[in-house]
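For reference, the structure discussed in these notes is given below.
Just so it is clear, the structure is predicted and the values come from calculations on it, not from any experiment.
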Amino acid sequence: MREDGNGDERQGRSGGGPGRPEFLDLERELTVLFRRARAKQGEMAREVHPDLESAAYGLLVRLDESGQLRATELAAYIGVGKATMSRQLRALEDLGLVAREPDPADGRAWLVHLTEEGRRRVAKVREARRARYVEQLSHWDPREVAELGRLLNQLNRGMEK
């Protein structure tokens, strides 16, 4: 139950649709967050290498977290086709950030991994990004930061379905 400005109580709706205020607020805030994240991703990509495309930064982070992956796994994770993935990997190889080697489990497939230079550059940018988060959220209670991380993880897991 909730009360409107006139003191009338209304029965709260269970379930509900996309017009509910909390979902309108969520949509607005996520739009701002995603827009800012896209802009920052471009900046971080250029920090890794001045010639790096913005979209390739996510690939590098995924490889940093996962080690070696097949190109098809990377394509599925990022949500692009094989041709786009091949082009991006070729560009990353040309920059010396990734390398490919045959998959011992399947001679037809290739495993992609960060080179030492790629790992060093990505680590430097990620560390700087985390330092910015610490600075920007220093006035937050650490439990709130942990809760935000937990809720974002829950949101991301729900969006995978």
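The closest donor-acceptor contact from the side chain of E127 to the backbone of K124 lies at 3.5 Å or more, if one exists at all. Judged by distance alone, the side chain of T115 and the main-chain N or O of A99 form no donor-acceptor pair under 3.5 Å. Between the side chain of T84 and the main chain of V80, no donor-acceptor pair closer than 3.5 Å is present. With hydrogens and angles disregarded, no donor-acceptor distance shorter than 3.5 Å links the side chain of S66 to the backbone of L63.
The shortest heavy-atom contact between L111 and P104 is CD1-CD, 3.9 Å. The two residues A75 and G81 have their closest heavy-atom pair at CB-O, 4.2 Å. Of all non-hydrogen atoms in Q88 and L59, the two that sit nearest each other are OE1-CD1, 3.2 Å. The minimum heavy-atom distance between S54 and A45, with the atom names listed, is CA-CB, 3.8 Å.
Once rounded to the nearest 0.5 Å, the distance linking CZ of R119 with CG of L60 reads 11.0 Å. Here L52 contributes atom CG and R121 contributes atom CZ; the two are 9.5 Å apart, rounded to the nearest 0.5 Å. R20 contributes atom CZ, which lies 11.5 Å from atom CG of L26 (distance to the nearest 0.5 angstrom). To the nearest 0.5 angstrom, Y57 atom OH is 8.0 Å from E47 atom CD. Rounded to the nearest 0.5 angstrom, L30 CG and F23 CZ are separated by 11.0 Å.
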Residue pair V112, Q68: steps toward the side-chain contact (heavy atoms from CB on, under 4.5 Å) verdict:
CA-CA 5 Å; V112 181; Q68 295 183 327; over 6 Å; no

Between R70 and M85, is a side-chain contact (heavy atoms from CB on, under 4.5 Å) present by the stated rule, with each step listed?
CA-CA 11 Å; R70 288 183 179 184; M85 182 55 55; over 6 Å; no

Check step by step if salt bridge (charged side-chain N to carboxylate O under 4.0 Å, His left out) holds for R132 and E135.
CA-CA 5 Å; R132 283 192 297 270; E135 181 183 327; over 6 Å; no

Go through the steps for R90 and R100 under the test side-chain contact (heavy atoms from CB on, under 4.5 Å), then give the verdict.
CA-CA 10 Å; R90 214 171 12 262; R100 292 189 241 196; 4.3 Å; yes

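Residue T31 forms a side chain to side chain donor-acceptor pair (under 3.5 Å) with just one option from R28, E27, R35, E29, and that option is E27. Across L152, N156, L151, a single residue satisfies side chain to side chain contact (heavy atoms under 4.5 Å, CB included) together with Q154, and that is L151. A side chain to side chain contact (heavy atoms under 4.5 Å, CB included) with L114 is found for one member of D64, V61, L92 and no other, namely D64.
Salt bridge annotation for R38-E43: absent, with no cationic side-chain nitrogen under 4.0 angstrom from a carboxylate oxygen.
Using a 4.5 Å cut-off between side-chain heavy atoms of Ile, Leu, Val, Met, Phe, Trp and Tyr, with links allowed through other members, L95 and V98 fall into the same hydrophobic cluster. Tracing side-chain contacts under 4.5 Å through hydrophobic residues (I, L, V, M, F, W, Y), one reaches L97 starting from I78; they form part of the same cluster. The cluster map of Ile, Leu, Val, Met, Phe, Trp and Tyr, joined by side-chain heavy atoms under 4.5 Å apart, puts L33 and L155 in the same cluster.
The closest side-chain heavy-atom distance from Y77 to L69 is not below 4.5 Å. Side-chain contact check for R87 versus E53: some heavy-atom pair is nearer than 4.5 Å. Here the side chains of R126 and E65 are in contact, with some heavy-atom distance below 4.5 Å.
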